[in-house]
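Have a look at the structure below, then the notes.
In this chain, residues are counted from 1 in sequence order. Hydrogens, waters and symmetry mates are skipped; everything else that's a heavy atom, side chains included, is used. Note that ligands are numbered from 1 as they come in the structure, with each ligand's atoms numbered from 1 the same way.
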Amino acid sequence: MSKKIVLLGPPGCGKGTQSNLLVDNKNFFQLSTGDLLRAVTSDNKSEVGQKIKKIMQQGGLVPDNFVIDIIVKKVSDLKDQNIIFDGFPRNIDQAKFLDKSLESETISLDHVIFFNIDYKVLESRIEQRIEQSSGEDLRTDDNLEVLNKRINIYKESTLPIVDYYKNKKILCKIDAMESIEAVYNNILKIIE
Ligand code: AMP
């Protein structure tokens, strides 16, 4: 049976790193709405494309209908595969939408893995990333000001999802301040 998991946590908590490990070692497909949005908007000169790019650069949330349009076809195409939802859902409406669209394919989420981390650690991680970077590999939203905005939006819009999944009894909390390997092993214990 294929698995469907959500990685939930603030920006910089390590969701992307852990997704890569699961893709490389455990035959998962990573569905990252951030990556999909960056791909769609990279050379999109339309007014909508530019508007979305700006929202992302400033650390805001892209309107639900745009994100949902992107994800809906993917869910249908990938329904028989192991999927990691990375960066989606980011609010309650998106969480409800995801449930519905999985339900229409007669599948459901197996686990929502909540990356617990101190916000101070996120700041030092991004400072380190900026310090070590040559500039070219930095994302346009990789700076302290945008990080703080993203953290505030996370607290306001995304954190309420934790209770939503807790009530559904599929939430598992992990300590995202441990080493990459320890976090990965803890994830494996949950999903295997
Ligand atoms: P990420 O790569 O997950 O850090 O996302 C980068 C940016 O893409 C976010 O700051 C948002 O502007 C946008 N984004 C990604 N996923 C979503 C989503 N599920 N809902 C709204 N905006 C999103």
Should [X] and [Y] count as an ion pair when the cut-off is N to O under 4.0 Å?
X: Arg38; Y: Asp35; result: yes
X: Asp141; Y: Arg139; result: yes
X: Lys96; Y: Asp93; result: no

Atoms of ligand 1, numbered as shown, that sit under 4.0 Å from any heavy atom of Arg139: 1 (P), 2 (O), 4 (O), 6 (C)
For Gln94, the ligand 1 atoms whose distance to one of its heavy atoms is below 4.0 Å: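 Listed by number with element, the hits are 18 (C), 19 (N), 20 (N), 21 (C).
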Salt bridge (charged side-chain N to carboxylate O under 4.0 Å, His left out) contacts in which one or both residues fall within residues 6-32, not counting sequence neighbours: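 Listed once each, the pairs are Lys26-Glu192.
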Heavy-atom proximity to atom 18 (C) of ligand 1, best of Arg38, Arg90, Lys53: Arg90
Interatomic spacing from NZ in Lys149 to CG in Leu147 - rounded to 0.5 Å: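 These two atoms lie 12.5 Å from each other.
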What residue and heavy atom of the protein are closest to [atom], and at what distance?
atom: atom 4 (O) of ligand 1; result: Arg150 NH2, 2.4 Å
atom: atom 22 (N) of ligand 1; result: Val62 N, 3.0 Å
atom: atom 11 (C) of ligand 1; result: Gly60 O, 3.2 Å
atom: atom 8 (O) of ligand 1; result: Met56 CE, 3.3 Å
atom: atom 14 (N) of ligand 1; result: Leu37 CD1, 3.4 Å

Ligand 1 contact by Ser32, heavy-atom criterion under 4.0 angstrom: no
Lys15 heavy atom under 4.0 Å from ligand 1: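 No; Lys15 lies far enough from ligand 1 that no heavy-atom distance drops under 4.0 Å.
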Geometric N/O contact Thr33 with ligand 1, under 3.5 angstrom: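 Yes: some nitrogen or oxygen of Thr33 is under 3.5 Å from one in ligand 1.
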N/O separation below 3.5 Å, Gly87 to ligand 1: yes
Closest non-hydrogen atom pair, Asp80 against Lys4: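 What the structure gives for the nearest pair is C-NZ, 4.3 Å.
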Joint hydrophobic cluster, Phe28 plus Val112, side-chain heavy atoms closer than 4.5 Å: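 No, Phe28 and Val112 fall in different hydrophobic clusters.
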Cluster overlap Phe114 with Ile191, hydrophobic side-chain contacts below 4.5 Å: no
